[in-house]
Number of protein chains: 2
Amino acid sequence: MKCKKQVVAATMKDVAQKANVSTATVSRALMNPEKVSQSTRSKVEQAALDVGYLPQSMGRNLKRNESRTLLVIVPDICDPFFSEIIRGVEITAAEHGYLVLIGDCAHQNQQEKTFIDLIITKQIDGMLLLGSRLPFDDGVEEQRNLPPMVMANEFAPELELPTVHIDNLTAAFNAVNYLHELGHQRIGCIAGPEEMPLCYYRLQGYVQALRRSGITVDPHYIARGNFTFEAGASAMAQLLDLPQPPTAVFCHSDIMALGALSLAKRRGLKVPDNLSIIGFDNISLTEFCDPPLTTVSQPRFAIGREAMLLLLDQLNGQSVRSGSRLLDCELIVRGSTAKNKS
Amino acid sequence: MKCKKQVVAATMKDVAQKANVSTATVSRALMNPEKVSQSTRSKVEQAALDVGYLPQSMGRNLKRNESRTLLVIVPDICDPFFSEIIRGVEITAAEHGYLVLIGDCAHQNQQEKTFIDLIITKQIDGMLLLGSRLPFDDGVEEQRNLPPMVMANEFAPELELPTVHIDNLTAAFNAVNYLHELGHQRIGCIAGPEEMPLCYYRLQGYVQALRRSGITVDPHYIARGNFTFEAGASAMAQLLDLPQPPTAVFCHSDIMALGALSLAKRRGLKVPDNLSIIGFDNISLTEFCDPPLTTVSQPRFAIGREAMLLLLDQLNGQSVRSGSRLLDCELIVRGSTAKNKS
DNA sequence: TTGTAAGCGTTATCAT
DNA sequence: ATGATAACGCTTACAA
C-alpha cells in the first residue's frame, strides 16, 4: 500500500466535511469546547483524529495577527556561557507553544537591519535581550513601536525593561572577600569593558570588598579586557609587570581567567601556589582546566527560563510579574585559589 | 511631535491608496517590476518608501504555502562543537531570506512529537540534521511526507540524504599514523558509541592505520565512551589497567580526550612524556587545556554553510547540487603528543 | 498595463 | 447550538 491518500496536510475543511459540520463549528469545538454540544464535540474530535488534523499556524497566525515566535538576541552564540541560557529559553517557550529564533550579534552578517525587519514584518511577537543593547540603532525605537521585551543577564536602565539577573555586586564582593580571607592583600582585577553595566557592578563589588577589608584600591591593579582569552592573558601580563604584582586576581569572566591562568603558567608561576585566580560564570571549561578554576556559578538555565516566563507574561497582557527577577549565584571553590604564601 | 500616525505596520493597502493603484499592482510593482509601467513602478516604490512598507510574511507565506523557516536538529546545543556549525547555518540562511529554528535533542522536554508537528503544521519548509537519526519514531516518515532534508556531520545511508561531511576514516587514519610515526606501537582508541556511523568510520581509520603499520589490532585497546568527559576518563582508566597499557591514545572527541587527559594526570602520568593523546573536533577548550591538545580540526562553519546551501538548492527545486559535499579537515599538532620514550 | 476577485486556513461576527 | 460570511495580508488568474 504505497500510495498516500493524503499528500497534503489536513485542513479544517477536511474535518468539517468528515464531521458534517461547518468549519466554524470545527473551530469552536476545538478551541472552545464548551460552546458546542456534547455530541458534535465528540463527532468533531473523532473526525480531527481520523484525518490527522493539526491547526495550520499560518492561517491562525494571520487571523490572530501574531506569529507565536520570539527572538532571543545573543551577543555571541559561540560563547558557551549562553548555551544553557538558550536551552532554558527554548524549553520554556516550547512549553507554552512558542518558537524561538536565535539572533546572533557576533558576526556582521546578521545585520542590525534584519532584526528590526523581523519586528516590522510581524515575524516575531517579542524579544529577549541577552546583551545590554538593542540590536539596532538608537532612536529607531522611537519611530517604531517595539514588541514586548525582556532583558536577561545584562542591564540597561534607560530601556526600563523587566530584567532577570544575579546580584553581580554581591557575587563579586564575596569572591574578592574570599581571596582576602585566604590572606591575600594585593588583589588584582581583570575587568570587562567599561560600557558593560555588568562589569560596572562586578567592579564595584571588587572595590567594596577591598574597602571593607581596609585595603586601598589601587587603579593599577585593575586591568581591562574584552572577554577574550587573549585579553585575559595580556591583562594578566600587565598586572604581573607591576613593581608589586598581585598575589590574587578576580576576573570578570572565566575565559579571561583562563587566559590569565595560561599567561601566569608561561611566566613560570604556580597556580594557586604563587597566584590565586577566580573566574566568573562557571562554564564547563573551568572544571577541566588545570588547575580547575574557582569561579562564580550562575543559574544559567533558570535565567533563561525566568526571562522567558517574564516575556510570556507580557505577551499574555498580564501585569508584568514583578518587574524583575533576582536569582541566586554561588562561589564554586576549586583548585585555582589557595592561602597566600608570599 | 510625540503622536505616531502609524501605530500598526503598513500594509499593501496603504501603499495602494498612497499610490492610487490597486493592491495587485503594488504586488506586481514590487515583485515583478518588469510587469508594470515605468511610471507606476516609481510611483509605487515611492509610496512604499513613504509608508515604510515591508511585506508581511504571514500573508505572503499563507498564500505561497511556505514558511521560509528551516529547522536544524542539534543533538546537544550545549556541546560547543555544534555552535559554529549553527552559526554557519544561520548566516547562510539569513543571506537567502530564511529563518532558522534550533531543535535541541538533548533534553526530554523538546519531545520528538514537537518536531513532527512543526512539519505538519507547516511551520518549517525543511530540515537540517546534525545527528544521524530523524528526531521522531521510525516509520512515521512513511505515513507523512517529509520536507526537504540535508544531513551534516553524521551519516544515515538508509535515509539517502544529501550529506555534508569530512572523511572521518582518513582523518582518523592520519591521526593514528602520526602517533605511529612518533614511535608509538601500543596505540589505544577511545571510541564513541557503536551505533554512531561517525564512530564506525573513525574506528576503521584507526584499525587501518595500525594494519598498515604492521601492528596487530588488539580489541582490548579499544574502549568505548558516550562522548562525555567522565566517559573519557573511565575509558582511559580501563586502558591504563591493561597489563601493557598503551603509550598513545586516539580519541573520537575532544571532550573524551580531555577526560582521558585528566585521568592520566590523576594517575601521575605526564602528558605527553608518558602518554600521547589525540582528540577530535578542535573545540576551543583544546587550546587552553594543559597541555594543549593535538586534535583533528573540522571546518565547522563551512559544514554549516554548505549544508544550508544544499538544503536551499532542494527548496528551490534545483537538482540536488551533487548529492553530497566532502570537506577537508586537518591534524592540529599541539602539546599532547610526543615521541615515544618507553 | 492595470483592476477585479478569488483564495490560502483560520477565527469572529452575526444571523438563525 | 450551529452555519453562513467576512476578514486577516498577500498573490495570481482572469478580465478589461
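First the proteins, then the strands, lettered A, B, ... as listed; each starts at 1.
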Does B:Phe155 have any ring pair (Phe, Tyr, Trp, His ring centres under 6.0 Å) partners at least two apart in sequence or in another chain, and if so, which?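 If we apply the ring pair (Phe, Tyr, Trp, His ring centres under 6.0 Å) test to B:Phe155, skipping adjacent residues, the hits are B:His165, B:Tyr201.
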Return the value, rounded to whole Å, for the distance between atom [atom1] of [X] and atom [atom2] of [N].
X	N	atom1	atom2	answer
B:Asn20	C:dG3	CG	C1'	13 Å
B:Gln123	C:dT10	CD	P	12 Å
B:Glu66	C:dG9	CD	C1'	16 Å
A:Lys35	C:dT11	NZ	P	13 Å
A:Glu34	D:dT2	CD	P	13 Å

For residues 42-51 of chain A, pull every pair meeting side chain to side chain donor-acceptor pair (under 3.5 Å), keeping only residues two or more places apart or in separate chains.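 Sorted pair list: A:Gln46-A:Asp50.
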Can you pull the side chain to side chain donor-acceptor pair (under 3.5 Å) pairs that have at least one residue in residues 19-32 of chain A, sequence neighbours excluded?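 Residue pairs with at least one partner in residues 19-32 of chain A: A:Ser22-A:Thr25.
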Does a salt bridge link A:Arg305 with A:Glu95, judged by any charged N lying under 4.0 Å from a carboxylate O?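 So A:Arg305 pairs with A:Glu95 through a salt bridge.
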Looking at B:Arg87 and A:Asp76, does any basic side-chain N land under 4.0 Å from a carboxylate oxygen? yes
Pairs involving residues 148-164 of chain B, ordered by first then second residue, that meet salt bridge (charged side-chain N to carboxylate O under 4.0 Å, His left out) (sequence neighbours left out): none
To the nearest 10 degrees, how far apart in direction are the end axes of the helix from C:dT1-D:dA16 to C:dT16-D:dA1, each fit to five base pairs?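 Helix axis angle between the two ends: 50°.
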Can you give one letter per nucleotide of nucleotides 8-16 of chain D, 5' to 3': B if a protein heavy atom sits under 4.0 Å from the base, S if only from the sugar-phosphate, - if neither? BBBBBB---
Minimal non-hydrogen separation, A:Ala19 against A:Ala47, with atom names: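 Heavy atoms of A:Ala19 and A:Ala47 come nearest at CB-CB, 3.8 Å.
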Base, sugar-phosphate, or nothing for B:Ser37, non-hydrogen atoms under 4.0 angstrom? sugar-phosphate
Does the pair A:Leu128 and A:Met149 meet the rule for a side-chain contact (heavy atoms from CB on, under 4.5 Å), with working shown? CA-CA 6 Å; A:Leu128 204 157; A:Met149 296 190 293; over 6 Å; no
